[in-house]
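Here the structure comes first, spelled out in structure tokens, and everything after it is commentary.
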Amino acid sequence: METVSIHDKKFRLYIPSEDIDQKVSDLALQLSKDLKGKELVFLVVLNGAFMFASDLMKKLKLPARVSFVKLASYEGSQSSGQVRELIGINEILKDKTVVLVEDIIDSGNTLDELLQALKPHEPKEIRVVSLLFKPDAYEQSFRIDYTGFRIPNDFVVGYGLDYDGFGRNLKDIFTVVEF
Ligand code: IMP
Ligand code: MG
């Protein structure tokens with residue numbers, strides 16, 4: 001059994017790179033069909049989606065703008081709560097079809113924040129493509145248009161996804177081993 005250790009946790013091979021590659025090809029084909037003729041802006045959500053987005057964009061047969069965004073946390077000076085701001089949008093999104101590219105959707109709270117932050121930019125429509133989706137953990141109602149793999153509610157690393165900063169550069173996806 002192929003395993004990797006990161007900090008205190010051990011992970012076992014879960015989705016090999018060949019399967020990821022096939023899935024990314026399928027998604028690219030589907031997107032290329034569905035989004036033909038639209039004015040597209042792909043917004044890649046950093047950091048986790050960098051590897052997925054890179055492979056997906058190469059396989060996409062469409063003219064499209066690609067830009068990178070990040071939800072940055074900072075301590076509000078007034079409020080005690082954490083405020084998150086969407087940084088990196090320097091594209092004009094008004095009346096465009098925005099495709100959010102995510103690595104994983106878990107509770108969906110990040111997605112909800114992204115959608116709220118995009119609203120003032122008045123896109124024509126927003127589509128969501130996520131390589132991984134944890135349906136059992138999902139707490140939101142927004143439809144995930146394109147999902148690569150539906151996975152159980154377990155922690156995974158690799159192919160962009162990290163555990164405390166490490167594991168992003170693994171070419172396969174690994175799942176945590178319970179002791
Ligand atoms: P959310 O719960 O849908 O808001 O997901 C928040 C973020 O948690 C994701 O964008 C990932 O960065 C991270 N995350 C959720 N599940 C995992 C996982 O299994 N492995 C690594 N990161 C995860
Ligand atoms: Mg992420």
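Just follow the structure's listing: the first ligand is 1, and inside any ligand the first atom is 1. On a predicted model such as this, the values are computed, not experimentally measured, just so you know. Nothing fancy with the numbering, it's 1 onward along the sequence.
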Check: Under 4.0 Å from any heavy atom of Asp106, which atoms of ligand 1 are there?
Finding: 1 (P), 2 (O), 3 (O), 5 (O), 15 (C), 16 (N)
Margin query: Can you name the atoms of ligand 1, numbered from 1 with element, that are less than 4.0 Å from a heavy atom of Asp162?
Written below: 21 (C)
Note to self: Any nitrogen or oxygen of Val156, side chain or backbone, less than 3.5 Å from one on ligand 1?
What the structure shows: yes
Checklist line | Those residues that, when tested against Lys96, pass side chain to side chain contact (heavy atoms under 4.5 Å, CB included) (two or more places apart) | finding: Glu39, Val41, Arg65
Note to self: Which option wins on minimum heavy-atom distance to atom 13 (C) of ligand 1: Ile104, Asn47, Thr175, Asp112?
What the structure shows: Ile104
Item checked: Close approach of Gly48 to ligand 1, heavy atoms, under 4.0 angstrom -> no
Item checked: Within one Ile-Leu-Val-Met-Phe-Trp-Tyr cluster: Leu131 and Tyr163, side-chain cutoff 4.5 Å -> no
Next item on the list: Look at Asp55 together with Lys23 and state whether they make a salt bridge at an N to O cut-off of under 4.0 Å.
Entry: no
Margin query: Could you check whether any heavy atom of Glu113 sits closer than 4.0 Å to an atom of ligand 1, since that is the contact criterion I want to use?
Written below: no
Next item on the list: Flag the pair Val44 / Leu56 as yes when at least one side-chain heavy-atom distance between them is below 4.5 Å, and no otherwise.
Entry: no
Note to self: Taking 4.0 Å as the limit for heavy-atom contacts, which would you say applies to Asp154 with ligand 1: side chain only, backbone only, both, or neither?
What the structure shows: backbone
Item checked: Inter-residue atom distance Ile104.CD1 - Thr110.OG1, 0.5 Å rounding -> 10.5 Å
Notebook entry, point to check: Hey, is Leu111 one of the residues with a heavy atom under 4.0 angstrom from ligand 1?
Noted result: no
Note to self: Any nitrogen or oxygen of Lys134 lying under 3.5 Å from a nitrogen or oxygen in ligand 1? Just yes or no.
What the structure shows: yes
Check: Are a donor atom and an acceptor atom from the side chains of Tyr14 and Asp19 found within less than 3.5 Å of each other?
Finding: no
Notebook entry, point to check: Any luck finding a side-chain donor-acceptor pair between Asn109 and Glu113 under 3.5 Å?
Noted result: no
Check: Which ligand 1 atoms are under 4.0 Å away from a heavy-atom of Ser107?
Finding: 1 (P), 2 (O), 3 (O), 4 (O)
Checklist line | Within-shell test, Val157 vs ligand 1, heavy atom, strictly < 4.0 Å | finding: no
Next item on the list: Taking only heavy atoms of Leu161 into account, list the atoms of ligand 1 that are under 4.0 Å away from them.
Entry: 21 (C), 22 (N)
Check: What part of Thr110, side chain from CB on, backbone N/CA/C/O, both or neither, has a heavy atom under 4.0 Å from ligand 1?
Finding: both
Next item on the list: Indicate yes or no: at least one non-hydrogen side-chain atom of Leu93 is less than 4.5 angstrom from one of Leu43.
Entry: yes
Notebook entry, point to check: Can you list every pair that meets ring-ring contact (aromatic ring centres under 6.0 Å, His included) and has a residue in residues 120-139, with sequence neighbours left out?
Noted result: Phe133-Tyr138
Check: Does any N or O atom in Gly108 lie less than 3.5 angstrom from one in ligand 1, N or O only?
Finding: yes
